[in-house]
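These numbers come from the heavy atoms of this one structure, side chains and all, not from hydrogens, waters or symmetry mates. In the text below, chain A, chain B and the rest are named by the order of the sequence lines, each starting its count at 1.
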Protein chains: 2
Amino acid sequence: MTRYYNGYEQHLVALDCIVFGFDEGELKLLVLKRKFEPAKGEWSLMGGFLGKSESLDEAACRILSQLTGLSNIYMKQLLVFSDVARDPGARTISVAYYALIKIDENDRLLAETYGAEWVPIKQLPPLIFDHSQMVEKALEALRRRTSREPIGFELLPVKFTLPQLQSLYESICGELLDKRNFRKQILETGLLVKLDEKEKESSKKGAFLYKFDHNKYNSYVEKGFLFQLKVKSGHIIKGNNSLQV
Amino acid sequence: MTRYYNGYEQHLVALDCIVFGFDEGELKLLVLKRKFEPAKGEWSLMGGFLGKSESLDEAACRILSQLTGLSNIYMKQLLVFSDVARDPGARTISVAYYALIKIDENDRLLAETYGAEWVPIKQLPPLIFDHSQMVEKALEALRRRTSREPIGFELLPVKFTLPQLQSLYESICGELLDKRNFRKQILETGLLVKLDEKEKESSKKGAFLYKFDHNKYNSYVEKGFLFQLKVKSGHIIKGNNSLQV
DNA sequence: ACAAAAGTGTTGTGCGTACACCCATGC
DNA sequence: GCATGGGTGTACGCACAACACTTTTGT
């Protein structure tokens, strides 16, 4: 390939990955103790640098997989951070990605192996550089997308109960929702398939398991239907305003 | 500053700017005949490279001002494009920005001076590289933002008429709107100030001019109000489905 | 006088919201 | 038998969509 554009500045291009998971009824974030200078030992997002022969999307997947062993994950570009002094190690620009993970036992072990940790988003430690800002932006993006598309399902196991789903939505919006309205709305979409099994971990009665109908969803999307999941505008119900994500 | 991160690949970081304007009742885009190789002479967005001592936001402003003489513009980061082969001139990644401009006579001359041209978005010529994709994404972003915040006003002169405003919204959503519903909704926000002047260019009767109340808007935003301008879901009225942007 | 665009109100209905009680089970 | 969480239906009010005629003025 002929080289044009000689004489222009070149830059280190980093990627940082905000990895969301949902576990024990809480929205969690995967963070890592940084293994190199500068800021070695401090909490950080999963990061790495863009290589010569890969797109950013590819690099993001590679980095996530290198640092956690995870693959096949819903990932999305968020925003580039480019303050000249954002990284004391060198002038870098960093492209933030966010990822939604269905945490399972396997992933929990993997993350541990790699020294990563799932931290409830309400109890995040301070992160290096501008990583906390990145998390803030990612949360806003997650909220916005959740109200437009059913991406919440990317955070749940294949089989899940309605109370789990509701709890997930509540964690994301930071508001408590009315059980009956929630169930009505979510079932009305026709995108949930009720299974014949019950989950009996979290209650004596047990809750029915559902799965998300990806095929139906995709065919709706092709037809141009939009899903405005209306759960966003739910109201706070029992004086508990302290639910903050 | 100590240098860390040695040995990682460095990259050319380009910026491309999708500049929207609204003129003669149409949504338009500012495009440019490229002045250098590769693809010299073909239509392209306003572009340039990130410098050593500037953030992307700063670079975007600089580039827009260098290529068109425009400054003080609403600008927003859109998305990074990073396919390895996206630019035949060299491996570059490009950060797309979009800008909203109040076209006035002055700007029209400036753009001409710089060899830029305002083209109706319905009649865009093919653009180089992945620039057409960028425009597509920018349009989606514009539509989304328009339904959430009153950014449409960034595209109109300080004083504007309601028919103009409606026509702008129609251009953006690609749908015709009902006059009465539109006026009711938009006036109900309380964000428009009716002036004592009429604009008489486009009709014999003349239409009252309004201005947008930025102060009121900002104070609402501070109080945490959200503006869901509901115009998005307007319906097509007179069988004219051909309005496509 | 007529063409062309600006301006103006009302009504129906569907959706979102609020709300309270029974059910199944494990201990 | 009781505590715990799962599951269910209805009524009200509002906000959105549909809809047609009058006004002004330049030619």
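Residues B:Phe160 and B:Leu168 are not in side-chain contact: their nearest non-hydrogen atoms beyond the backbone lie 4.5 Å or more apart. Using a 4.5 Å heavy-atom cutoff, the side chains of A:Leu142 and A:Ile151 are in contact. For the pair B:Ser202 and B:Gln164, the minimum side-chain heavy-atom distance is 4.5 Å or more.
Rounded to whole angstrom, the span from the CG atom of A:Leu176 across to the P atom of C:dT17 amounts to 15 Å. Atom C1' of nucleotide D:dA18 and atom CZ of B:Arg183 are separated by 18 Å, given to the nearest angstrom. For A:Gln166 and D:dG7, the CD to C1' distance is 12 Å, given to the nearest whole Å. Atom CG in B:Leu165 sits roughly 15 Å away from atom C1' in C:dG7 (whole-Å rounding). Straight-line distance from the CG atom of B:Asp178 to the C1' atom of C:dG7: 13 Å, rounded to whole Å. Rounded to whole Å, atom P of C:dT8 lies 14 Å from atom CZ of B:Phe182. In this structure, the CD atom of B:Gln164 is 11 Å from the P atom of C:dG7, given to the nearest Å. Between the CG atom of A:Leu187 and the C1' atom of D:dG7 there is a distance of 11 Å, rounded to whole Å.
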Acceptor/donor pairs from residues 204-216 of chain B side chains to any protein atom, 3.5 angstrom cut, sequence neighbours excluded:
unit_1: B:Asp213; atom_1: OD1; unit_2: B:Asn215; atom_2: N; d: 3.3
unit_1: B:Asp213; atom_1: OD1; unit_2: B:Lys216; atom_2: N; d: 3.0
unit_1: B:Lys216; atom_1: NZ; unit_2: B:Gly190; atom_2: O; d: 3.2

Practice task
Using a 4.0 Å cut-off on protein heavy atoms (strictly under), produce a 5'-to-3' string for nucleotides 22-27 of chain D with B for base contact, S for backbone-only sugar-phosphate contact, and - for none.
Solution key: -BBBS-
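Taking the side chain of B:Arg180 as heavy atoms from C-beta on, and the options D:dC19, C:dA6, D:dG9, the nearest nucleotide is D:dC19. In the set D:dG7, C:dT17, D:dC19, the nucleotide with an atom closest to the side chain of A:Phe208 is D:dG7.
Using modelled atom types, one side-chain atom of A:Ser147 and one backbone atom of A:Arg144 make a donor-acceptor pair closer than 3.5 Å.
Nucleic acid contact for A:Ser202: sugar-phosphate only, since backbone atoms but no base atoms lie under 4.0 Å from a heavy atom of the residue.
Closest approach of A:Gly21 and A:Trp118 over heavy atoms only: N-CZ3, 3.4 Å. Shown here for B:Leu27 and B:Phe22, the closest heavy-atom pair between the two residues is N-CD1, 3.8 Å. In terms of heavy atoms, A:Tyr217 sits closest to A:Glu149 at OH-CB, 4.0 Å. For A:Leu139 against A:Phe20, the heavy-atom pair with the smallest separation is N-CZ, 4.0 Å.
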Strictly under 3.5 Å: I want the nitrogen or oxygen pairs between protein and nucleotides 10-12 of chain C, one per line.
unit_1: C:dT10; atom_1: O4; unit_2: B:Lys184; atom_2: NZ; d: 3.3

